[in-house]
Undergrad: 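Would you mind keeping the following structure in view while I ask a few things?
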There are 2 protein chains.
Amino acid sequence: MDQIDAKIITLLQQNARISISQIGRLINMTQPAVGERVRKLEDRGIIKGYQVVLDPEKLGKQIMAYILIQTENCGNLVEFCNQSPEVIEAHQLSGQFNFIIKVMTESMQTLNSFLHTCSKYGFTTTMTVLSSPTDTKALPIEITESN
Amino acid sequence: MDQIDAKIITLLQQNARISISQIGRLINMTQPAVGERVRKLEDRGIIKGYQVVLDPEKLGKQIMAYILIQTENCGNLVEFCNQSPEVIEAHQLSGQFNFIIKVMTESMQTLNSFLHTCSKYGFTTTMTVLSSPTDTKALPIEITESN
DNA sequence: CCTGAAAATAGAACCGC
DNA sequence: GCGGTTCTATTTTCAGG
């Protein structure tokens with residue numbers, strides 16, 4: 001992981017479908033050299049994959065909410081989250097509420113029915129999102145010799 | 001937005017760097033047809049972009065945390081979030097805590113100094129993430145005539 | 001939405017540092 | 001190990017139907 005890798009990742013963060021040749025042009029390096037660096041970043045697991053960023057509202061997902069859960073059975077809850085398409089993220093927490101999940105639903109009604117099911121796993125507190133000033137922002141990259 | 005668009009998006013969700021020709025092969029459609037569908041999805045804003053998914057830990061970001069904030073000046077806080085590389089997401093909420101932000105830092109120490117700055121904008125509650133059973137999961141896609 | 005040709009791109013083999 | 005050159009296969013783009 002050096003400055004060149006950092007530049008490559010920065011360009012891929014801006015547009016993950018940029019061509020390898022185009023990256024090469026922008027950082028003054030030949031296409032095969034860039035290609036092999038990208039392959040190595042993938043092999044080392046620094047690049048985990050490439051995702052398309054969709055507009056949730058244009059796909060009918062109007063409601064975003066965070067649900068805090070106080071559960072005693074994390075395993076069951078994790079399984080439930082994996083099976084539920086509404087769940088976009090799930091994180092285990094330290095503290096009184098030991099779980100937070102991020103959900104997206106079509107309407108308040110579907111959110112409500114989801115919450116009903118969710119409450120089987122523990123006490124819940126729901127916070128609905130009014131607006132998202134920043135979402136899916138890029139990770140800052142530091143250059144370290146180790147990685 | 002029809003079933004074909006849904007299939008294309010599903011394939012792009014799995015790997016946003018898949019070639020257009022490969023998508024065509026998988027859904028039995030010629031490459032130019034797929035290419036134009038993708039272009040239209042981009043033009044309509046359904047596809048907002050393509051992101052590389054990085055491993056935060058391998059980039060030195062060991063700590064993930066959610067911070068709930070009770071602020072009276074959303075504008076300043078939003079500006080602060082935009083300027084802070086630690087902030088990955090920021091959402092305005094309904095309820096007592098009117099803001100939630102997701103941050104990633106190198107260490108507890110950097111998280112702590114970030115929290116110190118953050119507290120200037122209002123009362124905060126921090127929840128550190130122990131593990132993430134699911135992160136950056138794909139949005140489910142519904143086929144509607146309108147979009 | 002398909003076909004077909006030209007341009008651009010990706011991947012592999014090989015060379016030199 | 002790392003990058004450059006060259007060659008080949010694949011992909012993209014753009015014409016026309």
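So that the names make sense, note that chain A is the first sequence line, chain B the second, and so on, each numbered from 1. Just the heavy atoms: all of them, side chains too, but no hydrogens, waters or symmetry mates, feed the values below. What you see is a predicted model; the values in this text were computed from it and never measured.
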Undergrad: Using a heavy-atom cut-off of under 4.0 Å over every strand shown, decide if A/Gln31 touches base, sugar-phosphate, or nothing.
TA: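 The residue A/Gln31 makes base contact.
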Undergrad: So, is B/Ser19 close to the D/dT11 phosphate, meaning a side-chain N or O under 4.0 Å from OP1 or OP2?
TA: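 Yes, because at least one side-chain N or O of B/Ser19 sits under 4.0 Å from OP1 or OP2 of D/dT11.
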Undergrad: Taking the side chain of B/Pro32 as heavy atoms from C-beta outward, which of D/dC14, D/dT11, D/dG4 is closest to it?
TA: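 Side chain of B/Pro32 sits closest to D/dC14.
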Undergrad: Just how far, in rounded Å, is C1' of D/dT12 from CD of B/Gln22?
TA: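 Taking atom C1' of D/dT12 as the reference, CD of B/Gln22 is at 15 Å.
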Undergrad: Considering only NZ, NE, NH1 and NH2 on the basic side and carboxylate oxygens on the acidic side, decide whether A/Asp5 and A/Arg44 come within less than 4.0 Å.
TA: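 Looking at A/Arg44 together with A/Asp5, the answer is yes, because their closest N to O distance falls below 4.0 Å.
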Undergrad: Of the nucleotides D/dT12, D/dT10, C/dA10, which one has an atom closest to the side chain of B/Ser21?
TA: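 Minimum distance to the B/Ser21 side chain belongs to D/dT12.
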Undergrad: Establish, from distance only, whether the side-chain atoms of B/Tyr121 and B/Glu79 form a donor-acceptor pair under 3.5 Å.
TA: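 No, B/Glu79 and B/Tyr121 have no side-chain donor paired with an acceptor closer than 3.5 Å.
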Undergrad: Should B/Thr30 be listed as having a side-chain N or O under 4.0 Å from OP1 or OP2 of C/dC1?
TA: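 No, because none of the side-chain N or O atoms of B/Thr30 sits under 4.0 Å from OP1 or OP2 of C/dC1.
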Undergrad: A side-chain contact here means heavy atoms from C-beta on lying under 4.5 Å apart; do B/Gln92 and A/Val129 qualify?
TA: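 Contact flag for B/Gln92/A/Val129 side chains = no.
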Undergrad: Can B/Thr105 and B/Glu86 be counted as having a side-chain donor-acceptor contact under 3.5 angstrom?
TA: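 There is no such pair between these side chains.
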Undergrad: May I have the distance from A/Asp2 (atom CG) to D/dG1 (atom P), rounded to whole angstrom?
TA: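 Taking atom P of D/dG1 as the reference, CG of A/Asp2 is at 15 Å.
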Undergrad: Have a look at B/Arg39 and say if it touches a base, only the backbone sugar-phosphate, or nothing, with a 4.0 Å heavy-atom cut-off.
TA: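 B/Arg39: no heavy atom of the nucleic acid under 4.0 Å.
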Undergrad: On DNA chain C, check which nucleotide each of B/Arg17 and B/Ile4 is closest to and give me the residue with the more 5' one.
TA: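 Looking at DNA chain C, the more 5' nearest nucleotide goes with B/Ile4.
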Undergrad: How long is the line joining CG of A/Leu41 and P of D/dC2, in whole Å?
TA: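 Interatomic distance, CG of A/Leu41 to P of D/dC2: 11 Å.
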Undergrad: Measure from the side chain of A/Arg37, starting at C-beta and using heavy atoms only, and say which of D/dC2, D/dT10, C/dC1 lies closest.
TA: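 Looking only at heavy atoms from C-beta outward on A/Arg37, the closest nucleotide is D/dC2.
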Undergrad: Just compare D/dT5, C/dC2, D/dT12 and give me whichever is closest to any side-chain atom of B/Met29.
TA: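 Minimum distance to the B/Met29 side chain belongs to C/dC2.
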Undergrad: Whole angstrom is fine here: how far is it from CZ in A/Arg25 over to P in D/dG3?
TA: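 Between P of D/dG3 and CZ of A/Arg25: 18 Å.
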Undergrad: How long is the line joining CD1 of A/Ile18 and C1' of C/dA8, in whole Å?
TA: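 Answer to the nearest Å: 14 Å.
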Undergrad: Distance check needed: C/dC2 P versus B/Ile20 CD1, whole Å only.
TA: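 Result: 14 Å.
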Undergrad: Hydrogens and angles aside, do A/Thr128 and B/Ser94 bring a side-chain donor and acceptor to less than 3.5 Å of each other?
TA: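 The criterion, which ignores hydrogens and geometry beyond distance, is satisfied for B/Ser94 and A/Thr128.
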Undergrad: Starting from P on C/dC2, measure out to CG on B/Asn28 and report it in whole angstrom.
TA: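 It works out to 10 Å between those atoms.
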Undergrad: Which nucleotide in the set D/dT11, C/dC2, D/dG4 lies at the smallest distance from any side-chain heavy atom of B/Ala33?
TA: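 Nucleotide nearest to B/Ala33's side chain: C/dC2.
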Undergrad: Using atom CD1 of A/Ile8 as one end and atom C1' of C/dA10 as the other, report the distance to the nearest whole Å.
TA: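 So the CD1-C1' distance, A/Ile8 to C/dA10, works out to 15 Å.
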